[in-house]
Amino acid sequence: LRLGLPDGRDLVLPVPGGATTVKSGVLRLRYDAAKTTDWTLSGTLDGLKQPDFVIGSLSLDGKGRVLHLNSGSARIVGAMGFDAAGLAFRDPRLAQAAGTSLTGRTVFGWQQGDKLRLRQIALRAGDLGLSGDIALNLQGLDLAVDGALSLTAPDVARFSGLAGRPLSGAADITLTGNLMARSGAFDLTGTASGRSLGIAQPMADRLLTGTSDIRVSALRDRTGITLRSFDLQAGGLMASASGTVTSKATDLSASLTMDDLSVLGQGFGGGLTAEATLAGPPGQRGFSLSGAGHDLRFGSVTIDPLFAGDTQIALTAREQDDTFALTEVRLENAALSAQATETDVAGAYQLDGALRDTARLLPGFPGATSLTGGLRVEPSAYRLDITVAGPGGIAAQTDGTVARDFSQIDLALAGSGQAAVLNTKIAPRSIDGPIRFDVVFSGPPALSSLSGRISGTGLRFAAPGENLALEDIALTGDVAGGAV
């Protein structure tokens, strides 16, 4: 069989998918049943062009035997291979992933009424390798595939374009089971092992340092998908999930354990466990998460002491208009509590919080500080109206909006507090007394967006190192562009 035009022009092939042309091609099959049981196959194809890709040259070779069985049927066995060079893709992301060459080899066997069995499959594209054994079988209008395949990627950077971000490290993936190519039904188990993986996200990259492993077992049939098991282990993180997803309902559960959060980066610490569920009919599913932290740390000398010991976290949400809306968020430990609860008004939440002992942040001011108010989710912003009250005349009222992408803040903040909040910053010097503030934050999230007035009367200042003490101080400062 020959392809090509006598004048050397490209030949347009009658195939779907746009204009597909070829410069030339030859396919030779040699077999004479009267003389031998052996067969050979060879072929070449040059200049194959399609709108999305080009193959510069393709060579094909094979050989085997036709075995005549006692049943009267024949069994064909053999080995096949191909080499493709000059690969080029219009999409640069595919070009990076696939490379410029592809080779393949396999041993096969087939007889009428049985499966086509491909063994010792070996495909290579640069350093990317695919190996395994599979069997193909036509079942009506569908193609059944079963077997095992393994993919080896010594450098996953080649997939950076497809992922849309820089990737690094090595990965090995294995799939075992069966699937139906047309219907999409499958029964598969898989493993994936990564070595020093990176996704250009510092926190995730630290978690993926070393070896990371995934094991999954799943089934898809006419009723839906059953996730028998999913297990992930990476950098001290252990996570698992299982459940079902059908056209009538979802029922998924997951758990996570991380004994040492310090792997996430400097300042982080403590341990965390969490469990989550997603259940209900489509469009009405509910999500819930509950977790417990122990000695959580975030790298703040002010905040970290508030999370000493155990901290309980809970969150619930409901599906609404193809997204999920929070219904409640709760956080509680020995030092503080915080809660946001959905109200009867769509997109509106009641906010409540309490710092059980204000002296944890402001020494000398024992007693609780409370926070109450509301938050409303608007199309482009979050609208806040919050009141804070605490010991020693601490009181504040804030209202306004924060853009949903946090690019713009428009808040008014007025109230009173204690100058002693500065003492941890100026020690061993100290300042005491009431202060009042009336400021506006308008603009991007930066100090330059802050303006207003801060004043204080009856203030006391002490500097022991300088033997200096001042009393009944009155101060007034105007804030503009973040400076006083």
Side-chain angles (χ1 to χ4, degrees), residues 164-165 199-204 264-265 267-268 287 289 298-304 306 313 315-331 336-355 361 369-390 394-417 421-422 425 435-455 476-484:
R165 65 188 311 139
I199 61 172
Q201 203 288 325
M203 192 175 292
L264 297 179
F268 288 96
F287 175 79
L289 179 146
F298 308 97
S300 169
V301 295
T302 302
I303 300 299
D304 288 354
L306 301 180
I313 306 165
L315 178 152
T316 58
R318 56 182 174 81
E319 192 173 18
Q320 175 182 300
D321 300 329
D322 296 325
T323 187
F324 281 84
L326 288 174
T327 54
E328 185 179 33
V329 180
R330 289 186 292 108
L331 181 149
L336 56 85
S337 65
Q339 182 172 334
T341 307
E342 187 179 37
T343 68
D344 294 335
V345 178
Y349 297 86
Q350 172 66 36
L351 304 180
D352 296 283
L355 177 63
L361 295 181
T369 294
S370 65
L371 178 151
T372 59
L375 177 150
R376 183 163 184 170
V377 181
E378 298 181 346
S380 60
Y382 300 106
R383 182 167 295 278
L384 297 168
D385 183 0
I386 297 173
T387 300
V388 176
I394 296 174
Q397 174 71 39
T398 182
D399 62 85
T401 61
V402 177
R404 294 185 68 165
D405 62 358
F406 298 101
S407 62
Q408 176 77 19
I409 299 176
D410 291 289
L411 291 175
L413 178 64
S416 60
V421 70
L422 301 174
K425 304 295 184 182
I435 59 173
R436 295 194 60 80
F437 50 88
D438 189 352
V439 296
V440 174
F441 203 111
S442 181
L447 284 176
S448 58
S449 301
L450 187 65
S451 62
R453 173 166 290 190
I454 301 174
S455 61
T476 298
D478 291 323
V479 181
V484 179

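These values consider heavy atoms only, across backbone and side chains, with no hydrogens, waters or symmetry-generated copies.
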Starting from the C-alpha separation in whole Å, work towards a yes-or-no answer on side chain to side chain contact (heavy atoms under 4.5 Å, CB included) for Val377 and Leu375.
-> CA-CA 7 Å; Val377 181; Leu375 177 150; 3.9 Å; yes
Is there a side chain to side chain contact (heavy atoms under 4.5 Å, CB included) between Leu331 and Leu336 once you walk through the steps?
-> CA-CA 8 Å; Leu331 181 149; Leu336 56 85; 3.2 Å; yes
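Not one N or O on the side chain of Thr316 forms a donor-acceptor pair closer than 3.5 Å with the backbone of Thr327. A donor-acceptor pair under 3.5 Å is absent between the side-chain atoms of Ser337 and the main chain of Gly353, judged by distance alone. Within the 3.5 Å criterion, the main-chain N or O of Leu326 finds a donor-acceptor partner in the side chain of Tyr349. The backbone N or O of Pro444 sits less than 3.5 Å from a side-chain atom of Ser449, completing a donor-acceptor pair. For the pair Thr369 (side chain) and Leu355 (backbone), a donor-acceptor distance under 3.5 Å is absent.
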What side-chain donor-acceptor pairs closer than 3.5 Å can you find for residues 382-390, not counting sequence neighbours?
unit_1 : atom_1 : unit_2 : atom_2 : d
Arg383 : NE     : Glu378 : OE2    : 2.8
Asp385 : OD1    : Gln397 : NE2    : 2.7
Thr387 : OG1    : Gln397 : OE1    : 2.5

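Here the closest heavy-atom approach between residue Ala381 and residue Thr401 is recorded as CB-CB, 4.1 Å. When all heavy atoms of Ser416 and Arg436 are compared, the closest pair comes out as CB-NH1, 3.8 Å. Residues Asp304 and Gly299 approach most closely at OD2-N, 3.2 Å, considering heavy atoms. For the pair Asp438 and Ala414, the tightest heavy-atom approach, listed with the atom from each and the gap, is OD1-CB, 4.0 Å. Nearest heavy atom pair, residue Gln320 against residue Ala325, reads OE1-CB, 4.4 Å. The two residues Gly443 and Asp410 have their closest heavy-atom pair at N-OD1, 4.2 Å.
Atoms CZ and CD, on Arg165 and Gln201 in that order, are 7.0 Å from each other to the nearest 0.5 Å.
One side chain, Thr341 or Gln339, offers a donor N or O that lies under 3.5 Å from an acceptor on the other.
With a 6.0 Å radius and a threshold of 12 heavy atoms from other residues, nucleotides or ligands, Asp405 has its CG atom above the threshold.
At least one side-chain heavy atom of Leu413 sits less than 4.5 Å from a side-chain heavy atom of Phe437.
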